[in-house]
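Input: a single structure, listed below in structure tokens.
Lettering follows sequence order; numbering is per chain, from 1. Treat the numbers as computed from the prediction; the structure is a model and nothing was measured.
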Amino acid sequence: MPELPEVETIRRDLQQEISGDTLIGAEFFGSRSAYSGDANAFIRQIAGSSIREIQRRGKYLLLALSNGEYIVVHLRMTGRLIIRQSDEPNDRLVRLVLRLASGRDLRLEDLRKFATVELLTVGGLAALFDRLGPEPLSSELTPERLGEILSHSRRGLKASLLDQSLLAGLGNIYVDEALFHARIHPDRPASGLSTAELKRLHQAIRHVLQAGIDTRGTTFSDYRDGLGRPGTHQYQLQVYRRTGEPCPTCGEPIIKTRVAGRGTHVCPRCQKL
DNA sequence: CAATCAACCTGGGTGC
DNA sequence: TGCACCCAGGTTGATT
């Protein structure tokens, strides 16, 4: 579900609402814990700490705690992180509740139970970050850097762009959108792009991610922001889930294929192989 | 290496 | 209405 724009939207909501708040307790629910370690140890570790700041790296959300540790959440496909009043009854999808001193909860809800929670020290965080490529919206990512990254990959372009160790934050929706904007076919070899194509791709990636953030993310079914509200970017998508509809540029029907094992949307006229 | 696929889960949609 | 099957925003690990 959530890709960089959705995670960033949640981050901003949480930063606004609960930074400075204090964690007074936690409770796990349901089968298959979101936390792989000892749940009681987790709860003991975090209780009493305040939330200094909410950060994001790629698709990971980080709650930086006053005790120096980090609660690291990955929402995977259907995870949500939503602030609710403590007296609100729990949704059946709730897997973890973090209780706040302000009388609110931060609840992890997740239909498919893929979402993960970790508790890391700065060292653990550094190790996690090391496994991720650069942030697409940072000044680190230039067309040259993008070309450098892709030049070492012998895979297809879409598969490479989805690889979080090469670039952190893109998922299936925004990759399809970026490739459409850049007018490049997802099956092109990652290493074969011209300078002009790299420039277009760089600009397209940043454009679609920023547009996703500006419209508070894409909601098809599960995604919600930090306050439980759907995003609106689904109304602005050009090709994703628009199979058979006319290409906004040339009118040719959008086709759906399978690339890198994922459903992939392409304008066959604008995006040549 | 890279491509493919199954697995982790649940629910929605489709076709018979 | 029921059932079988495919699909879904992600990632990882096994297999070919």
Establish, with yes or no, whether the OP1 or OP2 oxygen of [N] is under 4.0 angstrom from a side-chain nitrogen or oxygen of [X].
| X | N | result |
| --- | --- | --- |
| A:Gln164 | C:dT11 | yes |
| A:Arg224 | C:dG9 | no |
| A:Arg241 | C:dG9 | no |
| A:Lys256 | C:dC7 | no |
| A:His74 | C:dG10 | no |

request  = Answer yes if the ring centres of A:Phe220 and A:His233 are under 6.0 angstrom apart, and no otherwise.
outcome  =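 Ring-ring flag for A:Phe220/A:His233: false, centres at least 6.0 Å apart.
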inquiry  = Taking ring-ring contact (aromatic ring centres under 6.0 Å, His included) as the cut-off, I'd like each qualifying pair that reaches into residues 69-96 of chain A, sequence neighbours left out, listed once.
reply    =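 Residue pairs passing ring-ring contact (aromatic ring centres under 6.0 Å, His included), neighbours aside: A:Tyr60-A:His74.
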Could you verify whether a donor N or O on one side chain and an acceptor N or O on the other, from [X] and [Y], lie under 3.5 Å apart?
| X | Y | answer |
| --- | --- | --- |
| A:Ser194 | A:Lys199 | no |
| A:Tyr240 | A:Thr218 | no |
| A:Gln236 | A:Gln234 | no |
| A:Asp21 | A:Ser102 | yes |

Whole angstroms only, please: what is the [atom1]-[atom2] distance between [X] and [N]?
| X | N | atom1 | atom2 | value |
| --- | --- | --- | --- | --- |
| A:Leu132 | C:dG10 | CG | P | 14 Å |
| A:Asp110 | C:dA8 | CG | C1' | 13 Å |
| A:Arg76 | B:dC8 | CZ | P | 14 Å |
| A:Asp163 | C:dT11 | CG | P | 10 Å |
| A:Asp187 | B:dA3 | CG | C1' | 12 Å |
| A:Arg262 | C:dC7 | CZ | P | 13 Å |
| A:Ile173 | C:dG10 | CD1 | C1' | 12 Å |
| A:Arg80 | C:dG10 | CZ | P | 17 Å |

message = Strictly by salt bridge (charged side-chain N to carboxylate O under 4.0 Å, His left out), give each pair with a member in residues 248-265 of chain A just once, sequence neighbours left out.
response = A:Glu252-A:Arg269
request  = Applying ring-ring contact (aromatic ring centres under 6.0 Å, His included), name anything that partners A:Phe180, two or more places apart in sequence or on another chain.
outcome  = none
inquiry  = The criterion is ring-ring contact (aromatic ring centres under 6.0 Å, His included); which residues satisfy it with A:His202, sequence neighbours excluded?
reply    =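 Not a single residue meets the ring-ring contact (aromatic ring centres under 6.0 Å, His included) criterion with A:His202.
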key: Any residue of residues 152-162 of chain A with a heavy atom less than 4.0 Å from an atom of DNA chain C   =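 By residue number: none to list.
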inquiry  = Using the rule given for side-chain contact (heavy atoms from CB on, under 4.5 Å), can you reason through A:Arg229 versus A:Arg224, listing the C-alpha separation, both sets of side-chain angles and the distance that settles it, and then say yes or no?
reply    = CA-CA 5 Å; A:Arg229 305 167 298 199; A:Arg224 296 292 184 277; 5.8 Å; no
Using a cut-off of 4.0 Å on non-hydrogen atoms, how would the nucleic acid contact of [X] be classed: base, sugar-phosphate, or nothing?
| X | value |
| --- | --- |
| A:Tyr240 | sugar-phosphate |
| A:Phe220 | base |
| A:Arg131 | nothing |

ask   = Can you check salt bridge (charged side-chain N to carboxylate O under 4.0 Å, His left out) on A:Arg112 and A:Asp222, steps first, answer last?
value = CA-CA 10 Å; A:Arg112 291 176 71 179; A:Asp222 300 286; over 6 Å; no
Identify all pairs in which a protein N or O lies below 3.5 Å from an N or O of nucleotides 4-6 of chain B, and state each distance.
none

With [atom1] as the reference atom in both, quote the distance from [N] to [M] in angstrom, rounded to an integer.
| N | M | atom1 | value |
| --- | --- | --- | --- |
| C:dC5 | B:dA6 | P | 14 Å |
| B:dC9 | C:dG2 | P | 27 Å |
| C:dC3 | B:dC8 | P | 23 Å |

Write down the protein N/O and nucleotide N/O pairs, taken from nucleotides 14-16 of chain C, whose separation is under 3.5 Å; answer none if there are no such pairs.
none

key: Results of salt bridge (Lys or Arg N to Asp or Glu O under 4.0 Å) for A:Glu197 - residues two or more places apart only   =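 Salt bridge (Lys or Arg N to Asp or Glu O under 4.0 Å) check on A:Glu197 returns A:Arg188.
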query = How would you list, by chain and number, every residue that makes a salt bridge (Lys or Arg N to Asp or Glu O under 4.0 Å) with A:Glu109, sequence neighbours excluded?
reply = A:Arg80, A:Arg84
Solution key, residues 42-52 of chain A side-chain donor-acceptor pairs under 3.5 Å, sequence neighbours excluded:
residue, atom, partner, partner atom, Å
A:Ser49, OG, A:Asn67, ND2, 3.3
A:Ser50, OG, A:Ser66, OG, 3.4
A:Arg52, NH1, A:Leu65, O, 3.4

Would you tabulate the nitrogen or oxygen pairs shorter than 3.5 Å linking the protein to nucleotides 9-15 of chain B?
residue, atom, partner, partner atom, Å
B:dC9, OP1, A:Arg32, NH1, 3.3
B:dC9, O2, A:Arg112, NE, 2.7
B:dC9, N3, A:Arg112, NH2, 3.3
B:dT10, OP1, A:Lys113, NZ, 3.0
B:dG11, OP1, A:Arg92, NH1, 3.2
B:dG11, OP1, A:Arg92, NH2, 3.0

message = As an exercise, state the distance from CD of A:Gln164 to CG of A:Leu166, rounded to the nearest 0.5 Å.
response =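 Reported to 0.5 Å precision, the distance equals 9.0 Å.
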ask   = Can a cation-pi geometry be assigned to A:Arg57 and A:Phe129, taking NZ or CZ under 6.0 Å from the six-membered ring centre and within 45° of the ring axis?
value = yes
ask   = A:Asp163 and A:Arg155: salt bridge (charged side-chain N to carboxylate O under 4.0 Å, His left out), yes or no, with the steps?
value = CA-CA 10 Å; A:Asp163 186 336; A:Arg155 285 182 289 169; 2.4 Å; yes
message = Defining pairs by Watson-Crick or G-U wobble geometry with both distances under 3.5 Å, how would you list the stems of DNA chain C with at least three pairs each?
response =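 B:2-8 with C:10-16, B:10-16 with C:2-8 - these are the stems of 3 or more pairs that involve DNA chain C.
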inquiry  = Does A:Arg145 form a salt bridge (charged side-chain N to carboxylate O under 4.0 Å, His left out) with A:Glu148? I'd like the steps, not just the answer.
reply    = CA-CA 5 Å; A:Arg145 178 80 192 278; A:Glu148 156 70 11; over 6 Å; no
